[in-house]
There are 2 protein chains.
Amino acid sequence: MSNCKRKLLSTERESLILKALGEGVSTITELSAQLNVSEATVRRDLHSLEEQGKAKRIHGGAVRVKFPQTEPIFTEKAGFHAQEKKSIAEKALEYIEDNDSIYLDGGSTILPLARMLDSRKNLTIVTNSMMAAAELMESQHRLILLGGEFRALSRTLVGPLTQQIVNTLHINKAFMGTIGFTVDEGISTTDPGEAFTKEIVMRRAGKVYVLVDSSKIGVPSFAVSGSINDIDTVITDENISPKLVKELEDSEVKIVF
Amino acid sequence: MSNCKRKLLSTERESLILKALGEGVSTITELSAQLNVSEATVRRDLHSLEEQGKAKRIHGGAVRVKFPQTEPIFTEKAGFHAQEKKSIAEKALEYIEDNDSIYLDGGSTILPLARMLDSRKNLTIVTNSMMAAAELMESQHRLILLGGEFRALSRTLVGPLTQQIVNTLHINKAFMGTIGFTVDEGISTTDPGEAFTKEIVMRRAGKVYVLVDSSKIGVPSFAVSGSINDIDTVITDENISPKLVKELEDSEVKIVF
DNA sequence: AAAGAAAATGCAAACTTTTGAAAGAATTTT
DNA sequence: AAAATTCTTTCAAAAGTTTGCATTTTCTTT
């Protein structure tokens, strides 16, 4: 190196330094010799590179920084019934075909489903769930987030504002989570704003699938979304009681377990 | 190069300069010798090229910039000029008061600002940035996400769908990021959908603050959002040129640095 | 075609940034 | 703990930039 006839500009030096760093480290003395500049200048260049996040200073030299630290994305709280939820999601996945336009609701039951969507092609995915969106950020599908007020507890976007976007979209199949589920009242949740969003989604969606693990069945929550009539299919696990299966079938709801 | 007997027109020189720059850099002295003109003329040509966004001046020479200006991937951008961005964000923070209703745009310059908002109380924060939303998830403020199509590169929600929510909200102060900034065209970005969202936000916001580090100034990108008239205040770092300060003041834009 | 206006160019003085050297503080090694 | 190395700060010289002005070139107008 250093067949430099003329003085180098700072940017040239910086890229040469990066090249010299390669994968490993270089000392100030080495770089100073290679670039034919004083050590003070090397330090200054290194400082600039560090500000740009391209290199990191260490005592006596510098190291290349590879790919800058990946941002802290949403973290998932380790879940109850994780295995059941995953198997419920697998059943739901079978109803999703290439080119579908689907809605993913919030909730820990829907999240595993979001992770499986790489097996489908060219989906349009509409969601109000920040967690699902974070999962799908890197995917190849088209991703649309409902706007609205952020609800910290469920990490979803809820309330009247969500209505506007929902009403302009055509949703083929909606996959809904829930806090409570009863045959009389259908799905219910703790927050009225969230219930409202669920309701307008269900009303507009072509087909509505409710994913619910058996621990929530028979337990009503505070705010009800729509009625049992808005639901086409309930997808749940094997622990569901035969009595409930019959009740659902009487209400013309398909049930998968 | 250029054994030119007759004198060259400025446009001819400029294209020769661009050719000489190639992908790399050239010094003023080199260019002056190659083109048989004084260094003063080279500087003037380079200045003109810079205004056109085709080259970027650096001390002692110039580098070629590709057009349209490419957008670095998000994680790369995060570390770039990190210190400047933080100090820009600190200046912007002073314009945010308790109970304000503010908009946070996408971009790595706005992100540090999101992190500082704990020092204010009872804000209503509207944003189209997933990263900003992730930062603000735990905060006490009211958080509203614009809906819309998710754009992976910038991790923002963009496009026509965003318009609906923006139009129903009252935004007190909007804090905008940008990929490129020129006095002639104002802020510009790489994606038309993103430009669209920026534009409708700026049009509806009471006051518009643009946060831009000096490396982006004078560099236009592909899709322009609104005009310089939509901007009330530009917040930048100390490296801004006095000339630009004057130009902005002539356009009745307040400038903070 | 000549005179005048406008634009471009080169030059030089004042100013700014960058660079290298040196001194003292901080860190690592022996 | 002493020695050696490296880091930070400061300062002056060198290199680069800006600005105003005189000169040349180019364009317009008569």
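Sequence lines set the chain letters: A, B, ... in the order given, protein chains first and strands last, and positions in each chain run from 1.
Residue B:Arg13 holds its CZ atom at 7.0 Å from CG of B:Leu35, rounded to the nearest 0.5 Å. One finds the CG atom of B:Leu157 at 9.5 Å from the CD1 atom of B:Ile165 (value rounded to the nearest 0.5 Å).
Rounded to an integer number of Å, the gap from B:Leu31 CG to C:dG10 C1' is 17 Å. In this structure, the NZ atom of B:Lys56 is 16 Å from the C1' atom of D:dT17, given to the nearest Å. Distance, A:His47 NE2 to D:dT9 C1': 13 Å, rounded to whole Å. In this structure, CD of A:Glu39 is placed 18 Å from C1' of C:dT18, rounded to the nearest angstrom. Summarising the geometry, the separation between CZ on A:Arg43 and C1' on C:dT18 is reported as 16 Å, rounded to the nearest angstrom. Distance CG (A:Leu8) to P (C:dG20): 11 Å, rounded to an integer number of Å.
A heavy-atom distance below 4.5 Å is not found between the side chains of B:Ser139 and B:Leu117.
For the pair A:Thr27 and A:Leu9, nearest-nucleotide mapping onto DNA chain D gives the more 5' position to A:Thr27.
No hydrogens or angles considered: nothing links the side chains of B:Thr29 and B:Ser32 as a donor-acceptor pair under 3.5 Å.
Applying the 4.0 Å criterion to OP1 and OP2 of C:dT9, one finds that B:Thr41 has every side-chain N and O outside that range. The side chain of A:Arg57 places an N or O atom within less than 4.0 Å of a non-bridging phosphate oxygen (OP1 or OP2) of D:dC7. The shortest distance between the side-chain N/O atoms of A:Arg13 and the OP1/OP2 oxygens of C:dT19 is below 4.0 Å.
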Problem set entry | Contact state string [nucleotides 21-30 of chain C, B base, S sugar-phosphate only, - no protein heavy atom under 4.0 Å] | -------S--
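At the heavy-atom level, A:Ile58 lies under 4.0 Å from the strands shown only through sugar-phosphate atoms.
You'll find the ring centres of B:Phe175 and B:Tyr103 outside the 6.0 Å limit.
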Problem set entry | Residues B:Tyr209, B:Ile102; criterion side chain to side chain contact (heavy atoms under 4.5 Å, CB included); working and verdict | CA-CA 11 Å; B:Tyr209 302 79; B:Ile102 66 173; over 6 Å; no
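Each ring pair (Phe, Tyr, Trp, His ring centres under 6.0 Å) pair with one or both residues in residues 11-47 of chain A, not counting sequence neighbours, would appear here, but there are none.
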